[in-house]
Amino acid sequence: MNQFERYGNLIVISGPSGVGKSTLVKEVRKVLDDLKFSISCTTRSPRPGEEHGREYYFLAPEEFEAKVQAGEFLEYAGIFARRYGTLKSEVLSRLKAGEQVLLDIDVQGAKQIRAAAEKDPELARSVHFVLIAPPSLASLETRLRGRGSETEEQLQLRLGAAKAELSNYGIYDYIIVNDQLEQAAVELTAVLRSFRFLTKTLKNELFNE
């Protein structure tokens, strides 16, 4: 039993399009059902069925920019004229409560969070970086072509982005190769479980009575 009082863990997960990251995380959450995704901010409009504070915090562009200027984001980015970001307050409050928080972002966001952790001991004690990778770029190309949903130009853009993202593997603490889903799920589950026993997440001094 992990009976000691602990801070939570922030698990930053990245992986190129087509690597099967979402499916892999879904499998892991069947075993570790207390893993919860961080709620991000976005300037895009809600889609049918989405609610503010559940899927996203939906912000007007000027609200988002005000938070950028105030330094309220751990990371943020612009994607197709829309902006997305992760609030410091959203993450740190949940870590203090002992939660296991998942953050699915690209390599640029991971770099921003690693830089933030270098200046913030509270974040540094809880953050971990995991890269989900294909067995090879050739296998990733095969997966993407198998979708049959993109033009050749779009496919080459995705492959170029994937190569650039994977070349940054050194900023991550762990790399899981998603070749066989079942095996990759076992490996990722083992990695995420190990975070729950780290001494640096303990809240209190032990055995000093």
Side-chain angles (χ1 to χ4, degrees), residues 8-30 33-97 99-117 120 123 127 129-132 140 143-162 164-166 168 178:
N9 291 291
L10 174 62
I11 301 113
V12 175
I13 293 187
S14 305
S17 176
V19 80
K21 179 179 52 178
S22 297
T23 302
L24 178 56
V25 169
K26 184 177 179 180
E27 287 298 304
V28 171
R29 292 182 74 196
K30 291 177 182 177
D33 58 5
D34 61 344
L35 291 171
K36 306 296 182 185
F37 279 103
S38 171
I39 301 172
S40 298
C41 296
T42 182
T43 58
R44 75 163 173 78
S45 299
R47 293 170 183 155
E50 291 183 333
E51 293 182 13
H52 179 80
R54 188 178 68 186
E55 283 79 17
Y56 286 96
Y57 297 115
F58 295 98
L59 304 179
E62 57 271 21
E63 290 179 285
F64 194 102
E65 180 58 26
K67 291 185 182 298
V68 170
Q69 296 302 320
E72 294 183 31
F73 287 112
L74 275 179
E75 61 83 29
Y76 64 93
I79 303 171
F80 302 120
R82 296 163 179 165
R83 302 180 84 181
Y84 295 83
T86 304
L87 289 169
K88 293 178 184 177
S89 57
E90 162 75 13
V91 170
L92 294 179
S93 64
R94 295 175 67 179
L95 295 179
K96 287 178 181 176
E99 295 185 28
Q100 308 297 313
V101 182
L102 283 171
L103 189 53
D104 180 352
I105 55 176
D106 65 13
V107 67
Q108 297 305 320
K111 285 181 176 180
Q112 289 181 51
I113 292 181
R114 187 169 280 286
D120 187 340
L123 180 62
V127 68
F129 297 84
V130 182
L131 178 65
I132 309 302
L140 182 64
R143 291 183 192 182
L144 289 171
R145 288 191 182 281
R147 290 176 172 180
S149 59
E150 297 170 317
T151 65
E152 183 64 25
E153 182 180 5
Q154 290 170 328
L155 182 67
Q156 292 304 320
L157 286 172
R158 286 199 182 275
L159 288 171
E165 186 160 17
L166 291 168
N168 284 276
N178 189 15

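Note that this is a predicted model, so its numbers are computed, not measured. The figures that follow rest on heavy atoms only: side chains count, while hydrogens, waters and symmetry mates do not.
- Using a distance-only test at 3.5 Å, with no hydrogens or angles considered, no donor-acceptor pair links the side chain of Thr42 to the main chain of Tyr84.
- With no hydrogens or angles considered, no side-chain donor-acceptor pair links Gln108 and Gln112 at under 3.5 Å.
- Qualifying salt bridge (charged side-chain N to carboxylate O under 4.0 Å, His left out) partners for Asp33, counting only residues two or more places apart in sequence or in other chains: none.
- Side-chain N or O atoms of Lys67 include none that pairs as donor or acceptor with a backbone N or O of Leu87 at under 3.5 Å.
- Residues Arg29 and Leu102 meet the side-chain proximity criterion, which asks for heavy atoms closer than 4.5 Å.
- Of the possible donor and acceptor atoms, one in the side chain of Asn178 sits under 3.5 Å from a partner among the backbone N and O of Val19.
- Separation of atoms CG (Leu103) and OG1 (Thr86) is listed at 4.5 Å; rounding is to 0.5 Å.
- Using the six-membered ring where Trp is involved, Phe58 and His52 have ring planes that are tilted, between 30° and 60° apart.
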Assess whether salt bridge (Lys or Arg N to Asp or Glu O under 4.0 Å) is satisfied between Arg54 and Glu50, documenting all intermediate values. CA-CA 7 Å; Arg54 188 178 68 186; Glu50 291 183 333; over 6 Å; no

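- Atom NZ of Lys21 sits about 9.0 Å away from atom CG of Leu131, to the nearest 0.5 Å.
- Between the CG atom of Asp104 and the OG atom of Ser38 there is a distance of 10.5 Å, given to the nearest 0.5 Å.
- Every residue was checked against the salt bridge (charged side-chain N to carboxylate O under 4.0 Å, His left out) condition with Glu165, not counting sequence neighbours, and none meets it.
- A donor-acceptor contact shorter than 3.5 Å is absent between the side chain of Gln156 and the backbone of Glu152.
- Between Ile105 and Ile113 there is a side-chain heavy-atom pair separated by less than 4.5 Å.
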